[in-house]
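First comes the structure, then the notes that go with it.
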Amino acid sequence: MAASYLLRSSPFSFTPNPNPNPRSINNAATIKATISSDKSTETTPPIKHRRPADESIRQEAHRCSSNKPETFSAKYVPFNADPTCTESYSLDEIVYRSRSGGLLDVQHDMEALKAFDGSYWKSLFDSRVGKTNWPYGSGVWSKKEWVLPEIDSDDIVSAFEGNSNMFWAERYGKEHLGMNDLWVKHCGISHTGSFKDLGMTVLVSQVNRLRKMGRPVVGVGCASTGDTSAALSAYCASAGIPSIVFLPANKISMAQLVQPIANGAFVLSLDTDFDGCMQLVREVTSELPIYLANSLNSLRLEGQKTAAIEILQQFDWEVPDWVIVPGGNLGNIYAFYKGFHMCKELGLVDRIPRLVCAQAANANPLYLHFKSGWSDFSPVKAKTTFASAIQIGDPVSIDRAVYALKNSNGIVEEATEEELMDAMAQADATGMFICPHTGVALAALVKLRNDGVIKPTDRTVVVSTAHGLKFTQSKIDYHSKAIPEMACSLANPPVNVKADFGSVMDVLKKYLLSKDIKQ
Ligand SMILES: Cc1ncc(COP(=O)(O)O)c(C=O)c1O
Ligand SMILES: N[C@@H](CCOP(=O)(O)O)C(=O)O
């Protein structure tokens, strides 16, 4: 019975059980043996679909998971607390700060996870990639046991996020950096066009669960530079949960602004910067039953950390030498560290990459802190930058970022406006279409290559955090050479030509000649 059920309900032939439970099924070999010993399937005609026609994938997941005792668990603990500290909170509590006012972290029951070895987890995760199984087809929920183990699949709000493209930057690497193993992890090719989807699916799923439990959550709110708000409003809209977004007026792109508007969020445009919005949303969410969705809330980072696991998976569990991440509110750099570190602790890999956090010089509090030898941290007043989503002067996750960098032998770099815009233009000219934040990361890479810190053969991953289509105005400004005090040396403006054969031929000949001369 169990074996035929597994065959019927699973569309793929796998080694591990996608719902591992060491109490009921000891290991992968048992499943394999059980399946192959079920002779009754030999005469059964091929099954077209894995579930009855009137059953949705969510109902299918519910049927498969019902009555299974949960093996894995997680709780909130104070971030980087003394090992003797006993303070902890259930993930079903609404809490963002520890008793002392510090950050929280989601701590998993590592002993339970260690009941399975590294190769078990690798095959389990590999078996789920890119499928339509609810919820495991999502790149985030394919790692559910490491993310939010206790949530019922029924409560999950997912857009099958993650599984993002790892782009081999062949021409950019070769021509601009002399590198042959340079990769761009396109986290922005995603449901709402940024990596925020990875964390938001987790946070909104937990809110969905809390609301079903009758907890007082009337809506979910965030301060945003444009990407968190887009992700929050999309996931909330998909679950029918009200969302409220606090945006700094005239400081985010038009494409980002229209996202929450279209998704039906309550949009507040405030005459302040991101740091001002963050301050306000914190005050408001402590007064009203509005759940806070910024990365101060450590649930978000549980989803974001899966991008690190996914990078290892995409390299067949080989560890890259460097991973470069643009940093603003600084949750993501810690999320990457956490994902890599978990893979090491659970035996999937034997080391972690060196991390680089890249900041815009106009919003560089972490860079200044790094350069001072990690002496006292001071927030800055962030100035306008084309990398508008990281225009943040007082990052909430500063402690998490410092921890991640110290424990990964990490580096912080910065990029001026001209450096980041030129890097973006250069990358685009080799076939990418990146956002200015990815330009910051590439500019940091250029500096580290020029200084000889990153070697030509080092396998390097640049994390692209948002889709270039969200930031077209910056590209228009650059290519029209409309940026004061910037040479825009790679501008490629369109040529206005009279619509007659002779004029077109003239400009084409001139163009082709110029190409010939360069080659
Ligand atoms: C496109 C983009 N890149 C990078 C970041 C930086 O991420 P974090 O705030 O986690 O440092 C953000 C948001 O802050 C972002 O929206
Ligand atoms: N870039 C972010 C800034 C807020 O970061 P968060 O990760 O704390 O939500 C945004 O898009 O709003």
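Because the structure is predicted, anything quoted here is derived from the model rather than measured. Note that ligands are numbered from 1 as they come in the structure, with each ligand's atoms numbered from 1 the same way.
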Taking only heavy atoms of [X], which atoms of ligand 1 are found under 4.0 Å from at least one of them?
X	value
Gly331	8 (P), 10 (O), 11 (O)
Lys196	12 (C), 13 (C), 14 (O), 16 (O)
Ile390	4 (C), 5 (C), 6 (C), 12 (C)
Ala466	1 (C)
Ala389	1 (C), 2 (C), 12 (C), 13 (C), 14 (O), 15 (C), 16 (O)
Pro326	4 (C), 6 (C)
Asp227	1 (C), 2 (C), 15 (C), 16 (O)
Thr465	1 (C), 2 (C), 3 (N), 4 (C)

Heavy atom of the protein closest to [atom] (residue, atom name, distance):
atom	value
atom 8 (P) of ligand 1	Leu330 N, 3.4 Å
atom 7 (O) of ligand 1	Phe195 CZ, 3.5 Å
atom 9 (O) of ligand 1	Asn329 N, 2.7 Å

Heavy atom of Gly331, distance to ligand 2 below 4.0 Å
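For ligand 2, residue contact (heavy atoms, under 4.0 Å) with Gly331 is absent.
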
Run the contact test for Lys196 against ligand 2 with a 4.0 Å cut-off on heavy atoms, strictly below, and give the result.
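Distance cut 4.0 Å: Lys196 passes for ligand 2.
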
Regarding [X] and [Y], is there a side-chain donor-to-acceptor distance under 3.5 Å anywhere?
X	Y	answer
Asn263	Tyr235	no
Gln259	Lys470	yes
Asp227	Gln256	yes

For ligand 2, which atoms sit closer than 4.0 Å to a heavy atom of [X]?
X	answer
Asp227	10 (C), 11 (O)
Arg300	6 (P), 7 (O), 9 (O)
Ser224	10 (C), 11 (O), 12 (O)

Considering Ser229, Gly328, Ala231 one by one, which has a heavy atom nearer to atom 11 (O) of ligand 1 than any of the others?
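Ranked by closest heavy atom to atom 11 (O) of ligand 1, first place is Gly328.
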
Considering only heavy atoms, which of Ile392, Thr228, Leu247 lies nearest to atom 9 (O) of ligand 2?
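The nearest heavy atom belongs to Thr228.
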
Heavy-atom contact under 4.0 Å between Gly327 and ligand 1?
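Gly327: in contact with ligand 1 (<4.0 Å).
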
Arg459/Glu318 ion pair, N-O < 4.0 Å:
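Yes, this pair counts.
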
Can you list the steps and then say if Asp273 with Lys251 is a salt bridge (Lys or Arg N to Asp or Glu O under 4.0 Å)?
CA-CA 7 Å; Asp273 57 9; Lys251 288 191 176 64; over 6 Å; no

Quick check on salt bridge (charged side-chain N to carboxylate O under 4.0 Å, His left out): which of Arg209, Arg215, Lys75 does Asp92 satisfy it with?
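Going through the options one by one, the only one that passes is Arg209.
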
Using a heavy-atom cut-off of under 4.0 Å, does the side chain or the backbone of Asn332 touch ligand 1, or both, or neither?
both

Side chain to side chain contact (heavy atoms under 4.5 Å, CB included) partner of Thr225, chosen from Asn329, Ile390, Ile392, Leu247
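Among Asn329, Ile390, Ile392, Leu247, the one that satisfies the side chain to side chain contact (heavy atoms under 4.5 Å, CB included) with Thr225 is Ile392.
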
